[in-house]
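Below you'll find the structure, written out as C-alpha cells, and then a few comments.
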Amino acid sequence: MTDANKTNNPAESLPKNYEHQEVEPRWVKAWEELGVHRYRPDSAAAKAGKTYAIDTPPPYVSAAHLHTGHAMSYSQAEFVVRFKRMRGYEIYYPMGFDDNGLPTERYVEQKYKIQKGKITRKDFVDLCLKETREGAAVYEQLWRALGLSVDWRMTYSTIQPRAVHNSQQSFLDLVAKGRMERREDPILWCPACATSLAQADVESGDEQNRPMHAVRFDVDPSTATADSPQSGKIETTRPELVPACVALACHPSDKRFAQLKTIRFRVPLTNLRANEAGEAGDPGDFRTIPLVFDETVDPEFGTGLMMVCTFGDPEDIAKWRKHQLETVLILDPQGRIVTPNLPTLHNKRVHVQAKGSQLYSEARLAAVELLREHAYLEGIADNVSRASLHERCSTPVEIQVAPQWFIRLLDLKEPLLARGRELNWYPEFMRERYEQWVENLRWDWNISRQRFYGVPFPVWFCNGCDEPIFADLDQLPIDPTMTACSKACPKCGSRDSRPEPDVMDTWMTSSLTPLINSNWAMWNDKDPESLPIQDQPRPEIYPAGVRVQAHEIIRTWLFYTVAKGHLHTESLPWKDVMISGWGLDRQGKKMSKRAGNFVDPAEVIGKYGADSLRYWSAGATLGNDLRYLEEDVKGGRRLLTKLWNSTRFALMYLADWQPGQVAETPTAADLWVRGKLQQCVADATTGFEHYEYNRSLRASELFFWGDWCDNYLEIVKDRFKDGTRFGAGEVEAGRQTLLWGTWTLLRLFAPILPFITEELYNRTIKGFLGDKAPASLHIAPWPQSESGEIDVFGAPATAEAMTNGQTLLDLIAAVRAARTAGKIGGGRPLQVIHVRGDINNLKGFSAVQLDWLAGSRAEGFDQQQPEGAEWLMIGASGVELAIVPAPQEPAPQA
RNA sequence: AGGCGCGUAGCUCAGGGGUUAGAGCACCACGUUGACAUCGUGGGGGUCGGCGGUUCAAAUCCGCCCGCGCCUACCA
C-alpha cells in the first residue's frame, strides 16, 4: 500500500485503488505455494468419485504466434475448471506442449531458413528441441500470468520419452489388433515438405483461375473403325500430366463413344525422343491408352471425354483401380516432372510459381509450350476452381505411390459416428461437423511421414524378405535408426534388417492426450519416484470429464482422439466436449501471426490485468468467434473497479463487527435483494453447468451492477448514518446482507475474475468466516450445491417480498426522474415527496416506505397537491409523485 | 454444390413463441453524493436481412430468397 492510497476511511484495510500489477503476480505465487491447483488423488472428493479431468490442447511451441485468441480459448476452458473446483471436484488439470512433428519442423525451417536434406538429422532435431524448450517457457509464463489453474507438476510434451513410448505403444497395439496395415498405395503427398499426408492435413485453397486446356488425343489408326473419329478432345487443368495419361474415360451411355470399345488413343508427346533434340520418333513409339467407360464421367462436361492419369487426383485413383489401368509416374517426391525424353519439361517443378501473380507452375508452362508446338493444344479457357493444399505450407497436394503405414478406418465409419452421438457436445450443433467429416472420409489414416523430427516407428524390415519386425513393448521408447534389431525375421529367419526411416504423423501422438494424461503425466521428470506410474488408464481420469478445443480441429484432433479411444479402450476418451471459437480482429478476421493482425496477450495483461482479459474472453457465446475489442477489455477493468469499490463500501460498515450479536429484522430492501441474489446464483450456476460461462457472467453482472450497486447499496447507506430512522435490528440486517451478499458475489465472479476476487476475499470476507475459512476463495464452496440448494440467506424469498421490491424500485426511479427533471442532484436531500392518486395501487407501499425514503434521501412524504408541482408517474401504478428539495445551504461567499 | 452458423440500436453483441425487444460502448442532458468521476441519474436511438406461412400471439417456429462466415465436396 502506498502513502497515496492511505485514507482515513474506516475501510482502511482496502487501498483506495486496485493495483492489478501488484496483486496478480502475488497470487500466482501464492496459489503455487498454497497448492490450490494441486491434484490430490487421495482427497475426500477423489475417493467419493468426484474427479474432474480436463483435456486441453497442447499448443505448438512456435510461441511467437501467441495472441489474445489463444488466451481466450484457454481462459474459457478454465472458467469451467474453477467452477468445478468450487463445486467440490478434485481437479485434474495438466498442461501439455506439442513440440513434435511437422509443425515444429516447419517453424524451425522458416526461422533458420533451412531445408530438409541440407542439414543433418541430429542438428535439425537439436534445433527443434531448443525451440521447443524456449516455446514452452513462453507459454508457461503466459498461462501462469493469465491465472490458469493448472497443476504445473503435471506437464507433458509430445517429444518426451513417455509420449514417444505412448505413441509407439499405440502403434503396436493397433498392429496386434489387426488395424495397422503396410500398403504401397497412391497417397496424398506434399512436394514442398517431401512427405506423405493424411486427408486431415489437406485443406482447400481459395478460388483461383486455373485455366482449362483443351488437348487433342489422336486415335491410334490401327484401332480405328470405319466410322470412328480420328481424335478425341479432353479438357484439363493439369496439362503437365498429359504424359502420365493412362486412359480416356467416358460415360457408358454416351452414344458418341458407345461403339468405340476397342479404340486406343495415342498419348501426345510420348513419341518424342530426347536424343534427337525433341524430334518426333517413329509413330509406333506413341504410348497408346484405352477408352474406358465409367459412370462418374459427366457426359455434359466439356466433350464428354475425361483424361485419367496416374495420378492427378483421387478420381484418377478410383478409375485406375476400377479399370486396372497401367501406372505411369512422372512426378518425383520434390514435385519435379520426370520426362527425360522431353528435355524442356524434364525436371521442371510443378509448384513453382511463374513470375506474376497467377499460380502457374513452370512445369505447366513448359507442357503447354510443348503441346502447342506439336499442335495438340486446342485452346485455353479461364476456369475458376480450388486446389487442395497442404495446410502447413499451402502447397498444392500431389499424389505419389509409396509404402506407408495405414490405420484402417474406412470400415469404422458407423461405430465412429455412434461415438460422436454418444459424446455430449457443447454446443450441440458442432456434432454436425464431426458427422460430416466422418461420412466424407475417403482415405484410411496414413500415419507415415517422410520427415525426421517425430516419433520413430518401432519397426525394422527384414533385408531378406521385407517382412516388418516389430519391437517389443519393453523396448519402448526405441529409435530403430539408433538401435539395431535384436530379433530374427519371424518369416524367413534372417538376422539382416534395416530400420524404418519414416516418423509418425504428429496426430498419432496428439490423439493420445487423454491417455497420456491418465498414464504418464503424473510422472515427474525431476522426481520419478514422487508419484506412481501406472500402466492402465485410471478410471477417474480416463475417460476424462471434458475436452476443450476450437472448432477447426474437430476433423483432426477430436476425430483422431475419438478413433484412438474407440480402438484402444472401446470407449469415448471424455464425456463432454466444449468447442470454443476463434479470436477475431476488429474487422472480424481470424487473428494470426501470418495476417499480422494479432494482439499480444502479455501486453494486455500488463495494461489491464489478466482478469480484464479473461472478462473479454467470457464475452463469447459457446462455439462462437469473438472479436478482440480493447473497449471490451476496458469494460472488464470497469467491473474490477466497481467490484473493488463496492466491497470497500461494504467493509466500511463491517469493521469491528461480528455477525449475530443482535437479532436482525430485515427490511423490504433486504428481503428483495436477498431474493434477487438467490435467483442470480441459480442463473449463474445453470450457465456454468452447461459450459455457458457467458450466461453465468451476464447473470452475475446484471445483478451486481443493476440490483446490488445501483439500488441496494444506495438504499442501505442511510442505515449507517447518524440519526438514521432504522432500528438496531434493521442495521444488523443491513450488515448481514452486505456481508453475505459480498461473499456470494465474490464467489460468483471467482471463476472469471480469479485475482481480484481472491484479493478481496482475503482482505475482507475471510476474517468473518472464522476457523473454517478456506485458505483460498477458489476452494470455497460454490453458493449452490449440485442438488440445487442455495446456501445463502436461508429460505427463498416470498413472492410478496419480490413484488414489494419492485414497488420500491419504481418509487425510487420516479424520484430519480423527478430529480433529473428538476435538475436536482442526487446528493441533495429532499424535504418532502408529495404523492397523489390511489396509494393502494402501490403494492406493499407501507412495507417499503422507509427504504424508499432512505434510498431517495427524503425526510418524509405527504399527500398534498400544492400548486405548480411537477408530477411524475410511479411505474405503471397511476400514482404520481412530486419532490421538494431541501433548501440549498448558501454557498460560502468570498 | 451440400451442411452448419450468423444477419437485432451508430458499433460490438445478448435474447430465441407470451407485457412496451435488451446490455456494453458511443451520443445528449443533468449531477461531484461519506464506496466508486475508472462514477451516478435521466434520456434519445430498432419495420429484429427480405417475402410468404403456422398461431389468439412470431425477433423467436416453418418454407423460399438475399448477404456474410465457416466446414465439407467438387467441374475432370
Side-chain angles (χ1 to χ4, degrees), chain A residues 7-11 14 16-18 199 203-204 210 212 234-238 241 248-249 296-298 300-309 312-316 319 383-386 388 427 429-442 551-552 554-555 581-582 584 586 588-590 619-621 623-632 634-653 694-695 698 701-702 705-706 709-710 713-714 717 720-722 738 812-813 815-829 857 876:
Chain A
T7 163
N8 295 323
N9 197 298
L14 273 191
K16 180 157 169 57
N17 295 319
Y18 173 62
Q199 187 177 346
E203 63 181 12
S204 79
R210 303 172 70 222
M212 193 71 83
I234 59 97
E235 294 194 324
T236 180
T237 57
R238 304 289 309 268
L241 292 181
L248 297 190
T296 63
V297 180
D298 177 4
E300 303 298 316
F301 189 92
T303 59
L305 271 183
M306 179 179 176
M307 157 176 117
V308 182
C309 45
D313 61 28
E315 276 306 302
D316 287 340
K319 293 186 181 62
N383 168 58
V384 172
S385 73
R386 299 165 185 276
S388 293
F429 68 81
M430 284 293 178
R431 185 198 311 272
E432 200 59 36
R433 298 226 187 162
Y434 173 87
E435 297 238 342
Q436 261 190 346
W437 176 254
V438 175
E439 280 164 5
N440 282 315
L441 272 182
R442 298 176 66 171
H551 48 64
E552 87 277 14
I554 287 174
R555 67 178 198 172
W582 289 337
L584 308 178
R586 185 174 287 276
K589 296 266 180 248
K590 187 186 179 188
T621 44
N624 285 318
D625 301 341
L626 181 65
R627 287 180 207 229
Y628 178 78
L629 301 172
E630 193 168 355
E631 302 93 280
D632 290 346
K634 285 181 181 166
R637 188 177 59 177
R638 202 168 142 260
L639 176 59
L640 301 190
T641 303
K642 194 75 174 174
L643 203 51
W644 185 261
N645 287 325
S646 65
T647 307
R648 213 166 132 253
F649 169 84
L651 191 63
M652 253 170 60
Y653 302 114
N694 164 284
R695 275 177 190 257
R698 275 186 313 107
E701 254 188 311
L702 195 68
W705 218 289
C709 292
D710 290 349
L713 296 189
E714 293 301 328
K717 262 177 199 179
F720 306 109
K721 286 180 181 160
D722 292 339
L738 286 176
I812 288 175
V815 172
R816 285 171 175 168
R819 280 179 183 272
T820 296
K823 301 191 180 183
I824 300 157
R828 190 166 161 199
R857 297 195 179 207

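Quick note on labels: first sequence line is chain A, next is B, and so on, each numbered from 1. Nothing here was measured: the structure is a model prediction, and the numbers come from that model.
- Residue A/Trp705 has its side chain nearest to B/rG40 when only B/rA73, B/rG40, B/rG34 are considered.
- In this structure, the side chains of A/Leu629 and A/Arg586 come closer than 4.5 Å at one or more pairs of heavy atoms.
- As judged by a 4.0 angstrom heavy-atom cut-off over every strand, A/Val308 is placed among residues making no nucleic acid contact.
- The shortest distance between the side-chain N/O atoms of A/Arg638 and the OP1/OP2 oxygens of B/rC25 is below 4.0 Å.
- Set against B/rG3, B/rC36, B/rA35, the side chain of A/Gln436 has B/rG3 as its closest nucleotide.
- A/Arg386 meets the salt bridge (charged side-chain N to carboxylate O under 4.0 Å, His left out) test with A/Glu207; sequence neighbours excluded.
- A/Glu630 meets the salt bridge (charged side-chain N to carboxylate O under 4.0 Å, His left out) test with A/Lys607; sequence neighbours excluded.
- Rounded to whole Å, the distance from NZ on A/Lys589 to P on B/rG69 is 6 Å.
- A/Asp316 comes within contact range of no nucleotide atom at all, as no heavy-atom separation falls under 4.0 Å.
- Closest to the side chain of A/Arg648, out of B/rC4, B/rU72, B/rA35, is B/rA35.
- Distance from the side chain of A/Lys642 is smallest for B/rC36 among the nucleotides B/rG3, B/rC36, B/rC71.
- Legend: residues meeting side-chain hydrogen bond (donor to acceptor under 3.5 Å, both in side chains) with A/Thr303, ordered by chain and number and at least two apart, are absent.
- Residue A/Lys823 places its side chain closer to B/rC30 than to any other of B/rC30, B/rU38, B/rA35.
- Between A/Trp582 atom CH2 and B/rC71 atom C1' there is a gap of 9 Å when expressed in whole angstrom units.
- Applying the salt bridge (charged side-chain N to carboxylate O under 4.0 Å, His left out) rule to A/Lys717 yields the partners A/Glu714; only residues at least two apart in sequence or on another chain are considered.
- Across all strands, A/Thr647 comes closer than 4.0 Å to no nucleic acid atom at all (heavy-atom distances).
- In this structure, A/Glu439 places its CD atom 13 Å from C1' of B/rC71, rounding to the nearest Å.
- We find that CD of A/Glu552 is positioned 8 Å from P of B/rC71, with the value rounded to whole Å.
- Which of B/rU72, B/rG34, B/rG3 sits closest to the side chain of A/Trp437 comes down to B/rU72.
- Of the side-chain N and O atoms in A/Lys717, one or more sit less than 4.0 angstrom from OP1 or OP2 of B/rA35.
- For the C1' atom pair drawn from B/rC48 and B/rC36, the interatomic distance equals 36 Å after rounding to whole Å.
- Considering only residues two or more places apart in sequence or on other chains, A/Arg431 meets the salt bridge (charged side-chain N to carboxylate O under 4.0 Å, His left out) condition with A/Glu428.
- For B/rC36, the OP1/OP2 oxygens have a side-chain nitrogen or oxygen of A/Lys16 closer than 4.0 Å.
- Taking 4.0 Å as the cut-off between side-chain N and carboxylate O, A/Glu203 and A/Arg555 do not count as a salt-bridged pair.
- The side chain to side chain contact (heavy atoms under 4.5 Å, CB included) search around A/Arg819 returns A/Val815, A/Ile824, A/Arg828, A/Leu830, A/Arg857, A/Ile883, not counting sequence neighbours.
- If you check every strand for non-hydrogen atoms under 4.0 Å, A/Glu714 touches a base.
- For the C1' atom pair drawn from B/rA21 and B/rG15, the interatomic distance equals 8 Å after rounding to whole Å.
- At a threshold of 4.0 angstrom between heavy atoms, the contacts of A/Thr641 include nucleobase atoms, whether or not backbone atoms are also involved.
- Heavy atoms of A/Gln199 sit under 4.0 angstrom from primed sugar atoms or phosphate atoms, though from no base atom.
- Within the 4.0 angstrom heavy-atom criterion, no nucleotide atom of any strand lies near A/Trp644.
- For B/rU72, the OP1/OP2 oxygens have a side-chain nitrogen or oxygen of A/Arg555 closer than 4.0 Å.
- Of the candidate nucleotides B/rC36, B/rG42, B/rC25, B/rG42 has the atom lying nearest to any side-chain atom of A/Thr820.
- Within a 6.0 Å radius of NZ in A/Lys589, no more than 12 heavy atoms belonging to other residues, nucleotides or ligands are found.
- The residue A/Gly825 sits close only to the backbone: its heavy atoms come under 4.0 Å of sugar-phosphate atoms, none of a base.
- Among the atoms of the strands shown, base atoms are found under 4.0 Å from some heavy atom of A/Gly826.
- Using atom P as the reference point in both B/rC51 and B/rU38, the two lie 47 Å apart (nearest Å).
- The side chain of A/Met212 lies closest to B/rC75 when the candidates are B/rU72, B/rC4, B/rC75.
- Checked by atom type and distance alone, the side chain of A/Asp316 never pairs as donor or acceptor with a backbone atom of A/Val308 at under 3.5 Å.
- In this structure, the ring-ring contact (aromatic ring centres under 6.0 Å, His included) partners of A/Phe720, at least two apart in sequence or on a different chain, are A/Tyr653.
- Using atom P as the reference point in both B/rG16 and B/rC68, the two lie 28 Å apart (nearest Å).
- Among the protein residues, A/Met306 comes within range of the nucleic acid bases, having at least one heavy atom under 4.0 Å from a base atom.
- Residue A/Lys721 is classed as having no contact, given no heavy-atom separation below 4.0 Å to the nucleic acid.
- Annotation: side chain to side chain contact (heavy atoms under 4.5 Å, CB included) contacts of A/Leu626 (sequence neighbours excluded): A/Met72, A/Trp616, A/Ala620.
- For the pair A/Ile812 CD1 and B/rU41 C1', the computed distance is 13 Å after rounding to whole Å.
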Enumerate the protein-to-nucleotides 17-19 of chain B contacts in which both atoms are nitrogen or oxygen and the separation is below 3.5 Å.
none

statement: A correct dot-bracket answer for RNA chain B, with pairs being Watson-Crick or G-U at under 3.5 Å, [ ] for crossing pairs and | for inter-strand pairs, is ((((((((.[[[[.)..(...]]]].(((((.......))))).....[[[[[..)....]]]]])))))))....

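- Candidate nucleotides B/rU38, B/rG40, B/rC36 were compared by shortest atom distance to the side chain of A/Asn645, and B/rC36 ranks first.
- A/Pro314 meets the side chain to side chain contact (heavy atoms under 4.5 Å, CB included) test with A/Ile399, A/Arg442, A/Trp443; sequence neighbours excluded.
- Look at A/Arg433 and you won't find any side-chain N or O under 4.0 angstrom from OP1 or OP2 of B/rG5.
- Rounded to the nearest Å, the gap between the P atom of B/rA37 and that of B/rU47 is 38 Å.
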Where do N or O atoms of nucleotides 12-16 of chain B meet protein N or O atoms at under 3.5 Å, pair by pair?
unit_1 : atom_1 : unit_2   : atom_2 : d
B/rU12 : O3'    : A/Arg627 : NE     : 3.1
B/rC13 : OP1    : A/Arg627 : NE     : 2.7
B/rA14 : OP1    : A/Thr621 : OG1    : 2.8
B/rA14 : O2'    : A/Arg698 : NE     : 3.0
B/rA14 : O2'    : A/Arg698 : NH1    : 2.7
B/rA14 : O2'    : A/Arg698 : NH2    : 2.4
B/rG15 : OP1    : A/Arg695 : NH2    : 3.4

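- Although no hydrogens or angles enter the test, the distance criterion places no donor-acceptor pair under 3.5 Å between the side chain of A/Asn645 and the main chain of A/Arg648.
- A distance-only check finds no donor-acceptor pair linking the side chain of A/Trp582 to the backbone of A/Lys590 [under 3.5 Å].
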